[in-house]
Participant: 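Below is a structure I'd like to ask you about.
Just follow the structure's listing: the first ligand is 1, and inside any ligand the first atom is 1. Residue numbers run from 1 in the order of the sequence given.
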Amino acid sequence: MIVAAIDISSTSLGVSLSGVRFAYRRGFALFVPSLEVQPGEQILLAGASGSGKSTLLHLIAGIEDPSHGEIRIAGTNFLALRGAKRDTFRGRHIGMIFQTFNLLQGFSALENVMLALMLGGFDSSDQRSRAESTLTRLGIEDSHAPVENLSVGQQQRVAVARAVAGNPCVVLADEPTASLDPANARKAIELIKDAARTAGAALIVTSHDPSLIGAFDRVLDIGPLIATERAR
Ligand code: ADP
Ligand code: MG
């Protein structure tokens, strides 16, 4: 069994993990003694493919549950929330950007962003104005066209808008540049960083691309920390 051990200490209330253990049913396991991400901090979670980056993001997002440990988002013990409460908390406090965007096809940019705000429990009156202003800020002019009619670059902007429109505590971006050439990768990273900063969110970006290292406040390299151990 592989164990990725990460031990980073600072003084944050943004995102905080302590003593987090997780294992897939057979195989990979991850142990995070301590990880703190400051409000507004921007970090790169770097490491080779298969090193556990996506798994760690899924734990922070409450998509996977650790067997031990505590995860706090904006001071709340997120894992104590169950079902719809956890979904609403996630929608309100965590923005997610996926490599393939995961936009709802057949719906407009505006509808995609408004739906995310609805899931985060924002008032219906608030949903439209927040969605419109965020899309405008991110340069989406035709927010009423179905998302599949937009260019790939525009779709990524919609995905970023959806992640930041609710001013979350943290934005998680999983390999957002993996399918882009170097020039577009740099632009996409700057777009995501600016959007997270404007939203007042901490940012955790995963990538296996070492050329992104210079763009971040802090690099958490998961690879060299991997140790091989028997599961307990
Ligand atoms: P990365 O994002 O760094 O490429 P992942 O977190 O996706 O790494 O995967 C880490 C390890 O966990 C890999 O060995 C992968 O095969 C394994 N893994 C990922 N998802 C699952 C799953 N749902 N069930 C079992 N093993 C998984
Ligand atoms: Mg991954």
Side-chain angles (χ1 to χ4, degrees), residues 1-8 15-37 41-71 73 78-79 86-87 90 94-103 152 155-156 159-160 162-163 168 170-182 184-186 188-189 191-193 196 201-232:
M1 179 163 295
I2 300 170
V3 176
I6 302 163
D7 195 354
I8 296 289
V15 177
S16 155
L17 281 70
S18 62
V20 168
R21 283 184 189 279
F22 171 79
Y24 290 112
R25 204 163 266 275
R26 251 176 257 110
F28 186 84
L30 191 125
F31 174 47
V32 184
S34 169
L35 169 61
E36 306 250 350
V37 181
E41 191 179 17
Q42 304 197 326
I43 76 168
L44 179 67
L45 183 62
S49 185
S51 56
K53 305 181 297 298
S54 296
T55 302
L56 183 51
L57 287 198
H58 291 169
L59 288 163
I60 295 171
I63 295 167
E64 298 280 8
D65 271 29
S67 56
H68 299 85
E70 191 174 84
I71 299 178
I73 309 281
F78 185 28
L79 299 174
R86 188 187 291 191
D87 292 340
R90 181 190 301 116
I94 300 175
M96 288 188 278
I97 302 169
F98 303 91
Q99 184 188 341
T100 52
F101 313 145
N102 291 7
L103 298 175
V152 171
Q155 288 185 37
Q156 184 165 51
V160 174
R162 182 179 58 179
V170 61
V171 172
L172 307 174
D174 199 6
E175 302 270 1
T177 64
S179 54
L180 303 176
D181 61 61
N184 281 314
R186 247 188 327 274
I189 287 296
L191 179 81
I192 291 168
K193 286 172 58 188
L203 174 65
I204 305 175
V205 176
T206 73
S207 180
H208 61 269
D209 178 1
S211 74
L212 299 180
I213 285 171
F216 287 85
D217 300 337
R218 180 148 70 98
V219 177
L220 184 58
D221 194 347
I222 206 173
L225 298 167
I226 290 178
T228 304
E229 282 180 21
R230 298 298 310 166
R232 290 176 208 192

Participant: Does G47 have a heavy atom less than 4.0 Å from any atom of ligand 1?
Facilitator: no

Participant: Check this for me - ligand 1, K53, N or O atoms closer than 3.5 angstrom, yes or no?
Facilitator: yes

Participant: Please assess S211 against D209 for the test side chain to side chain donor-acceptor pair (under 3.5 Å), listing each intermediate value before the final yes or no.
Facilitator: CA-CA 5 Å; S211 74; D209 178 1; 2.8 Å; yes

Participant: Backbone or side chain, does S49 get an N/O/S atom under 2.8 Å to the Mg ion (ligand 2)?
Facilitator: no

Participant: Taking NZ, NE, NH1 and NH2 as the nitrogens, is one of them in R186 or D181 under 4.0 Å from a carboxylate oxygen of the other?
Facilitator: no

Participant: Describe, in one word, how the ring planes of Y24 and F22 are oriented to each other, choosing from parallel (under 30°), tilted (30 to 60°) and perpendicular (over 60°).
Facilitator: perpendicular

Participant: Looking at I204, V205, T206, which one forms a side-chain contact (heavy atoms from CB on, under 4.5 Å) with D174?
Facilitator: T206

Participant: Does any N or O of ligand 1 fall below 3.5 Å from an N or O anywhere on S51, backbone included?
Facilitator: yes

Participant: Could you tell me whether ligand 1 has any atom less than 4.0 Å away from a heavy atom of G27?
Facilitator: no

Participant: With respect to atom 4 (O) of ligand 1, which of G50, A48, S54 exhibits the smallest heavy-atom separation?
Facilitator: G50

Participant: Using side-chain heavy atoms (C-beta onward) and a distance below 4.5 Å, is Q42 in contact with R218?
Facilitator: no

